[in-house]
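Quick caveat: nothing in here was measured; it's all calculated off a predicted structure.
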Amino acid sequence: MKSEKATGNWVLVAATTASAMAFIDGSALNVVLPSLQRSLQATATDLIWILNAYLLFMASFILLGGTLGDRVGRKKVFMWGISLFMLASFACGVAPSPVWLIASRAVQGVGAALMVPGSLAIISSYFKREARGQAIGTWSAVTTMVTMAGPALGGFLADLGWWRMVFFLNLPLGILALAALYFKVPESRGSMAVKL
C-alpha cells in the first residue's frame with residue numbers, strides 16, 4: 001500500500017512538472033515579447049507566428065498524441081513529448097533569428113501535443129475513482145499557480161534582458177519529469193491501465 005501511494009505521488013510529480021513546462025512557457029513568453037523583439041529585430045508578423053506556431057502545431061497533433069498514448073503506452077509517449085519539448089525549448093533559447101524561433105516553436109507544439117494528453121491520462125489511469133478527483137485537483141492547483149506566476153517571472157526576466165531563460169527553464173523541469181517517469185512510474189495503455 002505504501003509503495004502504491006509513493007507511485008501515485010511520483011505520477012503527480014511527473015504530470016504537474018511536465019504541465020508546468022507548457023503553462024509557464026506560454027504565460028511568461030507573452031511578457032518578454034518586447035525584449036525578444038528588440039533582441040532578434042523581429043517584426044510584428046514574426047511575433048504573431050512565434051506565438052501561433054506553437055498553438056497551431058499543438059492543436060493539429062493533440063488527438064494523435066492521445067491516440068498514440070493509448071496504443072503504444074502513455075508513459076512512453078509522454079516521455080517522447082517531454083523530450084521533444086525540451087529539445088525544442090533549447091533550440092528556442094539559442095535562436096539567432098525569428099525564423100529559427102518560429103520553427104522551434106512549431107516543434108515545441110508537436111512536443112506539447114504528445115505531452116499534454118498524457119498528463120491527465122496518466123493521472124486517470126493510475127488512481128482509483130475515489131482518489132482521482134483529489135489527484136486531478138492537485139494537478140489543477142499546481143498548474144494554475146504556475147500559470148499565474150508566469151507573467152511575473154516573464155517580467156522579471158524581461159527587465160534583466162534574459163528572455164531566453166523563459167525557454168531554458170524548461171530543461172530542469174523536463175529532466176525532473178523524465179526522471180520521475182523513468183524510475184518511478186509503470187507503463188499503461190488503453191484499457192490495460194494499472195489502478196492504484
Side-chain angles (χ1 to χ4, degrees), residues 1-29 54-55 57-59 61-90 107-150 153 166-196:
M1 182 67 105
K2 189 174 180 181
S3 66
E4 290 180 351
K5 185 176 179 183
T7 300
N9 290 337
W10 283 111
V11 167
L12 280 175
V13 167
T16 56
T17 305
S19 296
M21 288 170 43
F23 287 109
I24 203 166
D25 188 271
S27 61
L29 179 61
Y54 172 83
L55 297 172
F57 278 79
M58 182 177 73
F61 290 96
I62 200 161
L63 291 176
L64 176 63
T67 302
L68 278 174
D70 288 341
R71 296 279 175 88
V72 301
R74 294 182 180 116
K75 172 181 160 179
K76 186 181 295 181
V77 173
F78 194 33
M79 291 178 74
W80 291 347
I82 293 168
S83 300
L84 186 59
F85 194 90
M86 287 172 60
L87 288 172
S89 294
F90 180 80
V107 177
Q108 240 189 349
V110 176
L114 298 175
M115 184 172 69
V116 170
S119 183
L120 282 174
I122 282 179
I123 289 173
S124 296
S125 67
Y126 289 107
F127 287 90
K128 292 179 181 176
R129 184 171 298 173
E130 58 270 19
R132 193 176 301 147
Q134 182 179 354
I136 291 173
T138 301
W139 176 87
S140 298
V142 171
T143 53
T144 299
M145 287 187 293
V146 167
T147 303
M148 289 171 56
L153 176 63
V166 168
F167 300 109
F168 290 140
L169 285 173
N170 292 328
L171 303 180
L173 292 173
I175 289 167
L176 175 60
L178 287 174
L181 286 163
Y182 185 80
F183 291 108
K184 300 292 185 179
V185 178
E187 183 60 276
S188 73
R189 57 176 56 84
S191 61
M192 299 302 292
V194 176
K195 297 290 184 186
L196 296 178

- Query: Shortest non-hydrogen contact from R74 to S125?
  - Reply: NH1-CB, 3.3 Å

- Contacts of type side-chain contact (heavy atoms from CB on, under 4.5 Å), residue A14, not counting sequence neighbours: A180, L181

- Would you give the length of the straight line joining atom CD1 of I24 to atom CG of L169, rounded to the nearest 0.5 angstrom? 6.5 Å

- Task: Output, in order, the C-alpha distance, side-chain angles, deciding distance and verdict of side chain to side chain contact (heavy atoms under 4.5 Å, CB included) for V72 and V77.
- Result: CA-CA 7 Å; V72 301; V77 173; 3.3 Å; yes

- Task: Just jot down the side-chain hydrogen bond (donor to acceptor under 3.5 Å, both in side chains) partners of T16, sequence neighbours excluded, or say none.
- Result: none

- Which atoms form the tightest heavy-atom contact between K76 and E187, and what is the distance? N-OE2, 3.1 Å

- Got a second to check how far K75's NZ is from L178's CG, nearest 0.5 Å? 10.5 Å

- Message: My understanding is that only residues two or more places apart in sequence, or in another chain, count here; which of them pass side-chain hydrogen bond (donor to acceptor under 3.5 Å, both in side chains) with W139?
- Response: S19, S119

- Roughly how far apart are L114 CG and M79 CE, rounded to 0.5 Å? 13.0 Å

- Which side chain to side chain donor-acceptor pair (under 3.5 Å) pairs, counting each pair once, include a residue from residues 79-88, with sequence neighbours left out? none

- Query: Residues two or more places apart in sequence or in another chain: which of them pass side-chain hydrogen bond (donor to acceptor under 3.5 Å, both in side chains) with S89?
  - Reply: Q108, N170

- Query: Around atom CZ of F23, are there more than 12 heavy atoms of other residues, nucleotides or ligands at under 6.0 Å?
  - Reply: yes

- Item | Atom pair CH2/OG1 of W10 and T17 - distance to nearest 0.5 Å | 9.0 Å

- Listed by chain and number, what are the side-chain contact (heavy atoms from CB on, under 4.5 Å) partners of A18, not counting sequence neighbours? F78, I82, M115, A177

- What's the verdict on side chain to side chain contact (heavy atoms under 4.5 Å, CB included) for F167 and L29, showing C-alpha distance, side-chain angles and the deciding distance? CA-CA 9 Å; F167 300 109; L29 179 61; 3.7 Å; yes

- Message: Show every salt bridge (charged side-chain N to carboxylate O under 4.0 Å, His left out) that has at least one partner inside residues 9-19, sequence neighbours left out.
- Response: none

- Task: List in chain and number order the residues that pass side-chain contact (heavy atoms from CB on, under 4.5 Å) with I136, two or more places apart in sequence or in another chain; answer none if no residue qualifies.
- Result: L120, I123, S124, R132, S140

- Taking side chain as C-beta onward, heavy atoms only, is I175 less than 4.5 Å from M86? yes

- Which atoms form the tightest heavy-atom contact between S27 and V146, and what is the distance? OG-O, 4.3 Å

- Shortest non-hydrogen contact from A112 toward Y54: CB-OH, 3.4 Å

- Message: Applying side chain to side chain contact (heavy atoms under 4.5 Å, CB included) to V142 and L12, what does each step give before you reach the verdict?
- Response: CA-CA 10 Å; V142 171; L12 280 175; over 6 Å; no

- Message: So, using side-chain contact (heavy atoms from CB on, under 4.5 Å) as the criterion, who are the partners of F90 when residues are at least two apart?
- Response: V94, F168, L171

- Task: Enumerate the residue pairs fulfilling salt bridge (charged side-chain N to carboxylate O under 4.0 Å, His left out) with a member in residues 17-27, sequence neighbours excluded, ordered by first and then second residue.
- Result: D25-R105

- Message: Taking atom CG as the centre, does L63 end up with more than 12 heavy-atom neighbours from other residues, nucleotides or ligands that are less than 6.0 angstrom away?
- Response: no

